[in-house]
S.K.: 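Just passing along the structure, written as C-alpha cells.
Computed from heavy atoms alone, side chains included, the values below leave out hydrogens, waters and symmetry copies.
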Amino acid sequence: MSLPVSGPSDQDESTLRTDRPELQKAIEEIVDSGFTGVSLRVHDERGAWVGSAGAAELGGAAKPPTDGHVRIGSNTKTFTATLVLQLVAEGKVGLDTPAAHYLPEFGLDGRITVRMLLQHTSGVFNHTGEVYADGTVAPGIPIPYGTTGREWMDNRFKTYRPQELVRLALSRPARFEPGAGWSYSNTNYVLARLLIEKVTGRPVAEEMQRLVLGPLGLSGTVLPGASSEIPEPHAHAYYRYEDAGEQRTIDITRQNPSWISSGGDMISTTRDLHTFISALLGGRLLPAPLLAQMCTPHPTGIPNMDYGLGVFVVTTDGGATVVSHNGAAVGHAALMYSTPDGSRTLTAALNCVDDADLSIGGAFQQAMHRLVDEVFCGGPADPSRPTD
C-alpha cells in the first residue's frame, strides 16, 4: 500500500516562532526539577516553536541540541504497530488471525491474535519483568531498575536475540488468559517485530525504511539493532550507582538496546517524531478504517489512559483527548503527543541521570503533565493567549 506523505500539515521551519515564553519557562522549570536537559518542539495553530534548556552534558555550558538524537524508548511501539497495520493494509497480516499462524515455532497460545499483541491484551509475560497488583515482582532479564540495575550496567553492551527474549517470556506463567485483561508487556512488541520479519522475509529495519522512514523522509530516525552507537548531535545520558559506599555517575549514552528490542530500541529526533505522529494521525500512513482501529481506546485500568494499537488515548485534566506514546531509555526519554487529527503536536527529548531506584520517575510524570497542560489545555493564564 502506498499513500501520499506530503500535505498541508507539514510546517516549514521558517514558521518557527520565538515568542512563546510560557514554553521556555516550562522546560526551564523541568530542568530545575532534576533533569539535565530538555528540548521541546510544539506545532499548533500559532506556528511551530522549538527550544531547549539545561545542558547537553553534565558540567557543560551548551544546551541540548534542539533537534538532537535521543533514544525514544517505548515510542518505538507506535512505529512498530504502524508497520504491522501497514502489512494488514497490504493483505499480508490479519489483525484477528492467531499470532501462532505466523510464528508457529514458539508454541504460542492459539487464542492470542495479532491485535492482542499490539493492544497488550495477550497476557504474555513481560520479559523485562512483571509487577503484580499485590506488589510482588517477577523478574525477567536484568534491567536498569530494581535489584538488577548494577548487573545491567556492567553488561550494558550485551547482545540479546529477539527469539531468546520471547522464549524466556514464554517459559514464565502468562499474566492472564488471552483477551481477559490488559497488561503492558514489551514481549508483545518483540513478537510483533518477529512477525514482521517472518511475513516479509526482510529485517524490520528494511521494512520500516520502506513503509515509514523513507516515505516520510525521517532521516534522523534509526533502528539500531544491537549497535550501541547514537548519531551526532545528541545530549548525553547518565547512570548513578553506589560503589563501595560511594555514589558514582557514568556516561551511558552508548548502550546496547537489544535487551528491549522493538519494545523500545529506536533513536529519533523531536522533528522526526512530530512528522511521524502528525502524518500518522493525519491519515497519511494508514487507511481510515485501520487508523480508527488503532486509536480505538481499550480500558487499561489506568485513570484517564486507555490503549489502542500502539498508542495511548489520554484524557487530559481539561477533558481534551490526545493520542500519545512516551518512552524512557535509561538516561534518555522522549515525549510524543498529538490531537487526534494530527494538527497540534508536542514532541520532546529529555536527558538525565538515571538510577536503579528510578529516582527521576516522579519528575518525569510531572514534566509530562506540565507540558500537556501547557500545550493542550491552555496552561497557566496568559494575557497574550487568544481566547476562544
S.K.: Checking Thr249 side chain against Arg240 main chain: does a donor-acceptor pair fall under 3.5 Å?
M.R.: no
S.K.: Around atom NZ of Lys92, are there more than 12 heavy atoms of other residues, nucleotides or ligands at under 6.0 Å?
M.R.: yes
S.K.: With rounding to the nearest 0.5 angstrom, report the CE to OG1 distance, Met336 to Thr347.
M.R.: 9.0 Å
S.K.: Output the distance between atom OG1 (Thr82) and atom CG (Leu309), rounded to the nearest 0.5 Å.
M.R.: 10.0 Å
S.K.: Do Val353 and Val31 belong together in a cluster built from hydrophobic side chains that touch within less than 4.5 Å?
M.R.: no
S.K.: First locate atom OG1 of Thr275, then atom CZ of Arg41, and finally report the distance between them rounded to the nearest 0.5 Å.
M.R.: 7.5 Å
S.K.: Between Glu242 and Arg248, does the salt bridge (Lys or Arg N to Asp or Glu O under 4.0 Å) criterion hold? Intermediate values first, please.
M.R.: CA-CA 6 Å; Glu242 186 174 304; Arg248 301 185 183 277; over 6 Å; no
S.K.: Do Tyr239 and Asp251 have a side chain donor and acceptor closer than 3.5 Å?
M.R.: no
S.K.: So do Leu216 and Phe276 actually touch side chain to side chain, heavy atoms under 4.5 Å?
M.R.: yes
S.K.: State yes or no: do Leu168 and Val131 share one hydrophobic cluster built from I, L, V, M, F, W and Y residues joined by side-chain heavy-atom distances below 4.5 Å, directly or via other members?
M.R.: no
S.K.: Checking Thr80 side chain against Thr76 main chain: does a donor-acceptor pair fall under 3.5 Å?
M.R.: yes
S.K.: Where do Leu103 and Leu191 land on the side-chain contact (heavy atoms from CB on, under 4.5 Å) test, with the steps shown first?
M.R.: CA-CA 8 Å; Leu103 298 169; Leu191 283 161; 4.0 Å; yes
S.K.: Rounded at 0.5 Å granularity, tell me how far CZ in Arg111 sits from OG1 in Thr113.
M.R.: 11.5 Å
S.K.: To check you understand the geometry: which heavy-atom pair defines the closest contact between Ser338 and Ile277, and what is its length?
M.R.: CB-CG1, 3.8 Å
S.K.: Roughly how far, to the nearest 0.5 Å, is the CD atom of Glu105 from the CG atom of Leu194?
M.R.: 7.5 Å
S.K.: Is there side-chain contact between Ser268 and Arg71, with heavy atoms separated by less than 4.5 Å?
M.R.: no
S.K.: Under a 3.5 Å cutoff, is there a donor and acceptor pairing between the side chains of Tyr145 and Asp357?
M.R.: no
S.K.: Please determine if Arg210 and Glu90 form a salt bridge, counting it only when a charged side-chain N lies under 4.0 Å from a carboxylate O.
M.R.: yes
S.K.: Spell out, yes or no, whether Val311 and Met368 are grouped together once hydrophobic residues are joined by side-chain heavy atoms under 4.5 Å, including indirect joins.
M.R.: yes
S.K.: Report the relative orientation of the aromatic rings in Tyr307 and Tyr184; use parallel for angles under 30°, tilted for 30 to 60°, perpendicular for over 60°.
M.R.: perpendicular
S.K.: As a quick check of understanding, evaluate side-chain contact (heavy atoms from CB on, under 4.5 Å) for Asp67 and Val50, giving each step before the final call.
M.R.: CA-CA 9 Å; Asp67 203 40; Val50 176; over 6 Å; no
S.K.: Tell me if a side-chain donor or acceptor on Asn188 pairs with a main-chain N or O of Gln119 at a distance below 3.5 Å.
M.R.: no
S.K.: Can you tell whether the side chains of Glu130 and Arg172 come within less than 4.0 Å, N to carboxylate O?
M.R.: no
S.K.: Given the rule in the side-chain contact (heavy atoms from CB on, under 4.5 Å) test, do Tyr160 and His127 qualify, once you have shown the distances and angles that lead to the verdict?
M.R.: CA-CA 12 Å; Tyr160 290 90; His127 73 270; over 6 Å; no
S.K.: Is there a side-chain contact between Asn326 and Phe312 in this structure, where contact means two heavy atoms from C-beta onward sitting under 4.5 Å apart?
M.R.: no
S.K.: Does Ile252 offer a backbone N or O that forms a donor-acceptor pair with the side chain of Gln255 under 3.5 Å?
M.R.: yes
S.K.: Would you say Lys77 and Ser74 are linked by a side-chain donor-acceptor pair, where the criterion is simply a distance under 3.5 Å?
M.R.: yes
S.K.: Would you say Ile72 ends up clustered with Leu371 if hydrophobic residues are merged whenever their side chains have heavy atoms under 4.5 Å apart, either directly or through other cluster members?
M.R.: yes
S.K.: Is the backbone N or O of Glu164 less than 3.5 Å from a side-chain atom of Arg167, with the two atoms forming a donor-acceptor pair by type?
M.R.: no
S.K.: Of the non-hydrogen atoms in Ala333 and Val70, which two are nearest, and what is the gap between them?
M.R.: O-CG2, 3.6 Å
S.K.: Give me the ring orientation class for Trp152 and Trp259: parallel if the planes are under 30° apart, tilted from 30 to 60°, perpendicular past 60°.
M.R.: perpendicular
S.K.: Under 3.5 Å, is there a donor-acceptor pair between the side chain of Thr253 and the main chain of Ala237?
M.R.: yes
S.K.: Between His332 and Ala235, what is the shortest heavy-atom contact and its length?
M.R.: NE2-O, 2.9 Å
S.K.: For Asp306 and Pro297, indicate whether the former's side chain and the latter's backbone hold a donor-acceptor pair under 3.5 Å.
M.R.: no
S.K.: Is the backbone of Val375 close enough, under 3.5 Å, to the side chain of Arg344 for a donor and an acceptor to pair up by distance?
M.R.: yes
S.K.: Charged N to carboxylate O below 4.0 Å: is that the case for Glu22 and Arg46?
M.R.: yes
S.K.: Is the closest side-chain heavy-atom distance between Leu273 and Leu335 below 4.5 Å?
M.R.: no
S.K.: For a quick test of reading the model, state the closest non-hydrogen atom pair linking Ser122 to Ile112 and the distance between them.
M.R.: CB-CG2, 3.7 Å
S.K.: Within the distance-only criterion (no hydrogens, no angle test), does the side chain of Ser227 pair as donor or acceptor with the backbone N or O of Pro224 below 3.5 angstrom?
M.R.: no
S.K.: Could Arg20 and Asp44 be called an ion pair, given the rule that one side-chain N must be under 4.0 Å from one carboxylate O?
M.R.: yes
S.K.: Do Val199 and Leu195 make a side-chain contact, defined as non-hydrogen atoms from C-beta onward lying under 4.5 Å apart?
M.R.: yes
S.K.: Quick check: closest heavy atoms across Met116 and Pro178, and the distance to 0.1 Å?
M.R.: SD-CB, 3.9 Å
S.K.: Looking at side-chain heavy atoms only, is the closest gap between Leu213 and Leu223 below 4.5 Å?
M.R.: yes
S.K.: Side-chain donor-acceptor pair under 3.5 Å between Ser261 and Arg193, yes or no?
M.R.: yes
S.K.: In terms of the angle between their ring planes, are His120 and Tyr189 parallel, tilted or perpendicular, with boundaries placed at 30° and 60°?
M.R.: tilted
S.K.: Would you mind reporting whether Leu285 and Gln86 have side-chain heavy atoms less than 4.5 Å apart?
M.R.: yes
S.K.: Following the transitive rule for hydrophobic clusters with a side-chain heavy-atom cut-off under 4.5 Å over Ile, Leu, Val, Met, Phe, Trp and Tyr, establish whether Phe125 and Ile141 coincide in one cluster.
M.R.: no
S.K.: Taking side chain as C-beta onward, heavy atoms only, is Val322 less than 4.5 Å from Thr316?
M.R.: yes
S.K.: Of all the heavy-atom pairs spanning Gln24 and Ser52, show the shortest one and how long it is.
M.R.: NE2-O, 3.1 Å
S.K.: State whether the side chain of Asp265 and the backbone N or O of Pro257 hold a donor-acceptor pair below 3.5 Å, judged by distance alone.
M.R.: no
S.K.: Rounded at 0.5 Å granularity, tell me how far CE in Met266 sits from CZ in Phe79.
M.R.: 4.5 Å
S.K.: Can you name the one residue among Asn186, Thr187, Thr148 that meets side chain to side chain donor-acceptor pair (under 3.5 Å) with Thr128?
M.R.: Asn186
S.K.: Between Asn351 and His234, is a side-chain contact (heavy atoms from CB on, under 4.5 Å) present by the stated rule, with each step listed?
M.R.: CA-CA 10 Å; Asn351 59 305; His234 58 259; over 6 Å; no
S.K.: Just say parallel, tilted or perpendicular for the rings of His43 and His274, cut-offs at 30° and 60°.
M.R.: parallel
S.K.: When you check the gap from the basic side-chain N to the acidic O, do Arg202 and Glu197 get nearer than 4.0 Å?
M.R.: no
